[in-house]
Amino acid sequence: MGRVTSDTTATDAAAQHAPEPPGAPPVWQRRLRRFGLPARPQTDVRARLVPAFPEPSGRLWAVFGAGPEAAARLTRWSGWLGPLLVALFAGVLRFWNLGSPRKVIFDETYYPKDAWSLLQYGYEGTWAKNANDALVGHPPQLLLSPEHSYVVHPPMGKWLIAVGEGLFGMNPFGWRFMVALLGTLSVLLVCRIGRRLMRSTALGCLAGALLAVDGLHFVMSRTALLDLIVMFWVVAAFGCLLVDRDRTRARLAGALPVGPGGVPLPDEGVGGRLRLGWRPWRIAAGLCLGLATATKWNGLYYLAAFALMAVLWDVAARRTAGARHPFRSALRRDVLPAFGATVVVALATYLASWSGWIATKGGYYRDWTTSPEGRTGHWTWLPDWLRSLWHYQTEVYSFHTGLTTPHAYQSNPWSWLVLGRPVSYFYEDPKAGQDGCTAAEGCAREVLALGTPLLWWAACFALLYVLYRWLFKRDWRAGAIVCGVAAGYLPWFLYQERTIFLFYAVVFVPFLCLALAMLIGALIGPPGSTERRRTIGAVGAGVLVLLIAWNFIYFYPLYTGMPIPKSAWHHRMWFDTWV
């Protein structure tokens, strides 16, 4: 009897020290199962690495009278047809009467004029004090001189604005054209990103449609400022990283050995040592992040956040594929290539954006190295243009961190998500018979950078939901959305004394829309829910979406500068801080 006990003890000890099979759950999870924690359902490793898109149904097209073959064809095309239709809707909204107001509004006093100067000289020249009125006069006048001026943002966004000016002239439509185009394309990108992220064409199109009717994104798409351009490149980089993630995981899945019954098995050699090879989509993401940073420096936060997120995705992929030490494997094989594909490519892109300033001799600080201060120091062996550029960047950094001049529309980032203090870009109060005003009481014309209130307030709950999904359900999709919001939002809390504005938040609006689409998908109910549950969820989700659309229509006059009666304008000022 004692011998049996001794053998059993030895067997148990050997089992405790035996290596765990690939893909086995952690020890702490196995211990918690003694207290009732349910085990995760075992799925095909290949399916866990690359979840398949659900097979779409052709019932919707059949309802509209399409035959079986036509319904099947339209169903196959729905992954592109739906997003393109949503983008077309967004484009019509953004390009309709784009040249109105025919004024230089808010910070258009800077960037369109700098863009035109880049076309003429390759650097930012100097405009006369009355240049704004002259630009929209009859006839318009361009009061520009080649004397350099001091600017505090990199040139990439202004070069893009200059494309529209080169095509359509130095007028409101011309300087807003490229921003409107990028705003429209960003809706298409969000549709496709949402589809890939949530494996649902319907939810992807919903996320894009929400972005199309967000007031802040709409106003910024119709104004020649830089922040929407940053947003476009950030969203493009996010989409590139998603494609890279799927392709990398597919490569790992394809290399896994197949066990009995044709089921792929986790493998230490594949998960821990397989080299992931050429990754052009990650390089494309680095290029996009470089273009974002070359437009405004807040793109740097996305560069850091997305580069870290991409490496963590590699760690998770290697763990799923069977790596025993996924962090160590990623550190050895993935971190250095990821750094090159993102940070190095982004830095090269940033430097290339300054080529006009480098190639000419008239830009601000271009000849700094010829000054007494520039001829001294420890870095005189570097090229003159590089030392001058570095000095310029340090001066710009000092400007940005020291900008504390009070402004009537500045706001604290704590108030952004609830739209505490929107920014008025343009305001006039024409009398009856002037500028289209037909109200005896007089009218108001305003362009107000205000997000669609119901969308933003619903997005606050959506953020709580995706945080829950990320922290407690370990849903990587929710974590990616949280990363997109956090990188565009949290850094502004470091500059509590700086003069900052609500419209900076446009950079993370697409991620708010993705979060809300994910929440709406949860409201509708997961596959397999009862018909009653799905019906109630769909009705509730439909009511929410319709209310958001109505809210956008209600505030539409304030987004476009349409003349409305003064009383109607007051009714739309829901809070005193909006005035």
Side-chain angles (χ1 to χ4, degrees), residues 47-61 71-91 183-214 217 231-232 234-250 281 284-285 288 306 309-310 313 455 459 462 465-466 469-470 475-485 508-527 537-538 541-542 545 548:
R48 288 169 56 199
L49 283 168
V50 189
F53 282 89
E55 192 66 28
S57 171
R59 288 182 297 175
L60 176 63
W61 300 109
R73 190 179 302 112
L74 289 170
T75 300
R76 288 196 302 272
W77 293 346
S78 61
W80 275 105
L81 185 61
L84 285 172
L85 289 175
V86 174
L88 177 63
F89 166 72
T184 302
L185 291 176
S186 68
V187 171
L188 176 62
L189 287 176
V190 168
C191 289
R192 293 288 297 176
I193 286 170
R195 178 180 184 270
R196 182 175 290 271
L197 194 67
M198 293 175 272
R199 289 302 195 261
S200 168
T201 300
L203 290 180
C205 289
L206 174 61
L210 291 172
L211 186 63
V213 297
D214 173 63
H217 185 274
M231 180 276 305
F232 173 81
V234 165
V235 171
F238 186 75
C240 290
L241 289 175
L242 278 179
V243 177
D244 173 75
R245 180 185 186 275
D246 280 357
R247 292 196 170 195
T248 299
R249 293 169 77 91
W281 284 101
C288 291
F306 283 2
M309 180 180 70
W313 283 353
L455 190 158
Y465 173 70
V466 295
R469 293 286 309 178
W470 176 45
D475 188 335
W476 73 271
R477 304 169 304 167
I481 294 172
V482 169
C483 179
V485 175
F508 61 81
V509 167
F511 300 97
L512 294 182
C513 294
L514 288 168
L516 187 52
M518 181 175 279
L519 175 61
I520 289 174
L523 289 176
I524 294 173
V545 172
I548 290 172

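Across all non-hydrogen atoms, the minimal contact from Ala522 to Tyr465 is CB-OH, 3.3 Å. The shortest non-hydrogen separation linking Leu210 to Leu455 is O-CD1, 3.3 Å. Taking each heavy atom of Ala541 and Ile520 in turn, the nearest pair found is CB-CG2, 3.5 Å. Nearest approach of Ala459 to Leu516, heavy atoms of both residues: N-CD1, 4.4 Å. Residues Trp313 and Ala480 come closest through the heavy atom pair CZ2-CB, 3.8 Å. Across all non-hydrogen atoms, the minimal contact from Val213 to Ile548 is CG2-CG2, 4.2 Å.
One N or O on the side chain of Arg192 and one on the backbone of Gly79 form a donor-acceptor pair closer than 3.5 Å.
For the pair Leu85 and Leu81, the minimum side-chain heavy-atom distance is below 4.5 Å. Annotation: side chain of Val466 is not in contact with side chain of Trp470 (no heavy-atom distance under 4.5 Å). Counting heavy atoms from C-beta on, the side chains of His217 and Ser186 come closer than 4.5 Å. For the pair Phe508 and Ile481, the minimum side-chain heavy-atom distance is 4.5 Å or more.
Summarising the geometry, atom CG belonging to Leu519 is positioned 11.0 Å from atom CZ belonging to Arg469; distances are rounded to the nearest 0.5 Å. Going from atom CG of Leu203 over to atom CD1 of Ile524 covers 6.0 Å, rounded to the nearest 0.5 Å.
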- Task: Take Arg477 and Leu514, measure what side-chain contact (heavy atoms from CB on, under 4.5 Å) needs, and give me the verdict at the end.
- Result: CA-CA 10 Å; Arg477 304 169 304 167; Leu514 288 168; over 6 Å; no
- Worked check of side-chain contact (heavy atoms from CB on, under 4.5 Å) between Val86 and Leu188: CA-CA 7 Å; Val86 174; Leu188 176 62; over 6 Å; no
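Take Thr201 and apply the side chain to side chain donor-acceptor pair (under 3.5 Å) test, not counting sequence neighbours, and it matches Arg195.
Ring planes of Phe306 and Phe238: tilted class, angle from 30 to 60°.
Every pair passing salt bridge (Lys or Arg N to Asp or Glu O under 4.0 Å) that includes a residue from residues 234-250 is listed here, sequence neighbours excluded: Arg196-Asp246, Arg199-Asp246, Asp244-Arg279, Asp244-Arg282.
Atom CH2 of Trp281 has 12 or fewer neighbouring heavy atoms from other residues, nucleotides or ligands inside a 6.0 Å radius.
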